[in-house]
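Remarks on the structure that follows.
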There are 2 protein chains.
Amino acid sequence: MAKAPKVRPGSRARILAAAQDEFAARGFDGANMDRVARAARLNKAMIYYHFRSKAALYAEIFQAFIRAALDRAREVADSPADPATKIRAFIRAVAEEAATRPHFPAMWLREVAGGGRHVDRATLELIGELPATLGRIVAEGRAQGRFRAIHPLLLHFGIVGPLVLFFVSRPVRQRITVPAVRAVPLAMEDAIAEIERATLAALAPDAPAGRPQGRPS
Amino acid sequence: MAKAPKVRPGSRARILAAAQDEFAARGFDGANMDRVARAARLNKAMIYYHFRSKAALYAEIFQAFIRAALDRAREVADSPADPATKIRAFIRAVAEEAATRPHFPAMWLREVAGGGRHVDRATLELIGELPATLGRIVAEGRAQGRFRAIHPLLLHFGIVGPLVLFFVSRPVRQRITVPAVRAVPLAMEDAIAEIERATLAALAPDAPAGRPQGRPS
DNA sequence: GTCTATATCGGGATAGAC
DNA sequence: GTCTATCCCGATATAGAC
């Protein structure tokens, strides 16, 4: 997508960085190109020198995010590890992607919530490829008798939902004073650990019969 | 909040309904008061007869949503059931709340993603009361030795994240053609079942030792 | 490539008749 | 309570000098 072979943080890169902040915090409609320009220490006209429009700027940023996440997910799925390890790696991949590109989760969430209004069909399909990739891992585990049947989308929601909420909620969390929310600080590793546990449990084959819980020690 | 004792779907109610659609689909900044007026089969001026501003209209809608959800959650927490049953009931309560008020999930998500910019402090605290309520259930289960220690927020994310994604993603899902995503139709009960399973597994006390998975049949 | 204007318009909000 | 007409600001986008 980026046609310029620039390496140094030139104006274009600064615009992209500033626009990510802005879009993530305010959404497409709430984003303000004047603010972006100021944050990039540039003039608004420069934005339109580098990008056709606000929409094009947004689309480029968003597609780059999705592509990066999808690439990592596919790498995991194509690796030779066993299914459970792949699931764990998938979770880590998404988490690290989100940690590396802190603006990805919020934009992703908004786009999903908005029905994908600000992206083209191709990008929308890329979004769908993520759960599809997860589905391949599940199919593999199922063929080996290690996973039970589960709708890939529900599994995807079970992983991505908590993860994305964790990242995205940081600003609200800091504004909320409710003790139970503030009490213990939250680290990404804690979130990952919980999601791994819940996800692998959700994938475990059914026990032959009986109650699902409460086996006496 | 609503000062009018009106019962019939008068203009005010129609505005509220239309505004919910609009805010949910487009977010606060993307929402257009002209569209709201048209959808309510009214004039834009009528909106400002009933509500002080776009922001006030939004705030009223949002707070009503949160209040309703929180009320149900507290009802569950205060019930005499055992902790695991309460957890299940909590999940159902949130799910039914979302199903009954289809615009709640999207607005909630956006507000969290935006750092709560469009709501006042009091409403923000209400948002925090939801995980806090969940925390009370966990504390109870822990005191009885039935749950392990877990950060209430992480548990909350594990429940609300998948649920909200499930509801919110319906429009995108319909636009995506990726086979794995479209294949099996998704029902709310399926989502609830998966979330219950994953959540209760996440709460189960640790086994004495050893690997967390793969006990041979 | 970078800047200072400025054109243009969508949309929140109001005036005032009925 | 409901309408039409309009104000007016903010925000996207562009023109054109340097």
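We name chains A, B, ... by the order of the sequence lines, and we start the count at 1 in each one.
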Length of the line joining B:Lys54:NZ and C:dG11:P, which is rounded to integer Å: 9 Å

Is A:Arg92 paired with A:Glu189 through a side-chain N to carboxylate O contact shorter than 4.0 Å? yes

On DNA chain D, does the nearest nucleotide to B:Ala45 precede the nearest nucleotide to A:Tyr48 from the 5' side, or the other way round? Give the residue. B:Ala45

Nearest-angstrom distance from the residue atom CE of A:Met46 to P of D:dG16: 19 Å

What nucleic acid atoms does A:Leu42 come within less than 4.0 Å of, heavy atoms only: base, sugar-phosphate, or nothing? sugar-phosphate

Whether A:Arg136 and A:Glu140 form a salt bridge (side-chain N of Lys/Arg under 4.0 Å from carboxylate O of Asp/Glu) is what I want to check. no

Taken to the nearest whole Å, CD1/A:Ile47 to C1'/D:dT14 is 13 Å

Do the charged groups of A:Glu22 and A:Lys54 touch, with an N to O distance under 4.0 Å? no

Is the shortest heavy-atom distance from the side chain of B:Pro83 to the side chain of B:Phe147 under 4.5 Å? yes

In whole angstrom, what separates B:Tyr49's OH from D:dG1's P? 4 Å

Just the rounded figure in Å: distance from P of D:dA13 to CZ of A:Arg52. 10 Å

Do the side chain of B:Lys44 and the base of C:dG12 come within less than 3.5 angstrom through a donor-acceptor pair of N or O atoms? yes

To the nearest Å, how far apart are B:Ile15 CD1 and C:dA13 P? 13 Å

salt_bridge(B:Arg148, A:Glu194) N-O dist < 4.0 Å: yes

Considering only heavy atoms, which members of residues 23-38 of chain B lie under 4.0 Å from some atom of DNA chain D? none

Taking 4.0 Å as the cut-off, does a side-chain nitrogen or oxygen of B:Ser53 come that near to OP1 or OP2 on C:dG12? no

Would you say that more than 12 heavy atoms from the other residues, nucleotides or ligands in this model lie under 6.0 Å from the CZ of A:Arg142, or not? no

Taking atom P of D:dT12 as reference, at what distance in whole Å does atom OH of A:Tyr58 sit? 15 Å

Is the charged tip of B:Arg173 near the ring of B:Phe166: under 6.0 Å from the six-membered ring centre and within 45° of its axis? yes

Can you measure B:Asn43 atom CG to C:dC18 atom C1' for me and round it to whole angstrom units? 13 Å

